[in-house]
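Below, all heavy atoms of this structure are taken into account, side chains as well, without hydrogens, waters or symmetry copies. Bear in mind the structure is a predicted one, so any value in this text is a computation, not a measurement.
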Amino acid sequence: MTQAERLARQEVLRTVIQRLESALLEFKDESDRTLAGCEHTYPDGRTASTGAQTHICAICGKVLKGRDDKLWG
């Protein structure tokens, strides 16, 4: 492969990479919009909360607000 062929191939690959990166950003935005209305429950009604002290939704990954912990009795 000559240097000219390498440079031409590099330009083609850069174009493909830019196209795929923009498609990936669109998919991420669509995923974020889809999960923005997450109810933090599975379709059968069970809660999707997981974790001990910090509860996280197993579906969307957001930290869920819990009740306030009392530090003194």
Spacing of [X] atom [atom1] and [Y] atom [atom2] [to the nearest 0.5 Å]:
X	Y	atom1	atom2	result
Cys57	Lys62	SG	NZ	8.5 Å
Arg14	Ile17	CZ	CD1	8.5 Å
Glu5	Gln10	CD	CD	14.0 Å
Ile59	Leu35	CD1	CG	8.5 Å

Closest contact, heavy atoms only, Arg19 versus Ser22: O-OG, 2.8 Å
Nearest atoms (heavy-atom pairs only) where Tyr42 meets Ala58: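 Heavy atoms of Tyr42 and Ala58 come nearest at OH-CB, 3.5 Å.
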Under 3.5 Å, is there a donor-acceptor pair between the side chain of [X] and the main chain of [Y]?
X	Y	answer
Thr34	Glu30	yes
Gln18	Thr15	no
Arg6	Met1	yes

Does Glu11 have more than 12 heavy atoms from other residues, nucleotides or ligands lying within 6.0 Å of its CD?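 Counting other residues, nucleotides and ligands, CD of Glu11 exceeds 12 neighbours.
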Check whether any side-chain heavy atom of Leu64 sits under 4.5 Å from a side-chain heavy atom of His40, and report yes or no. yes
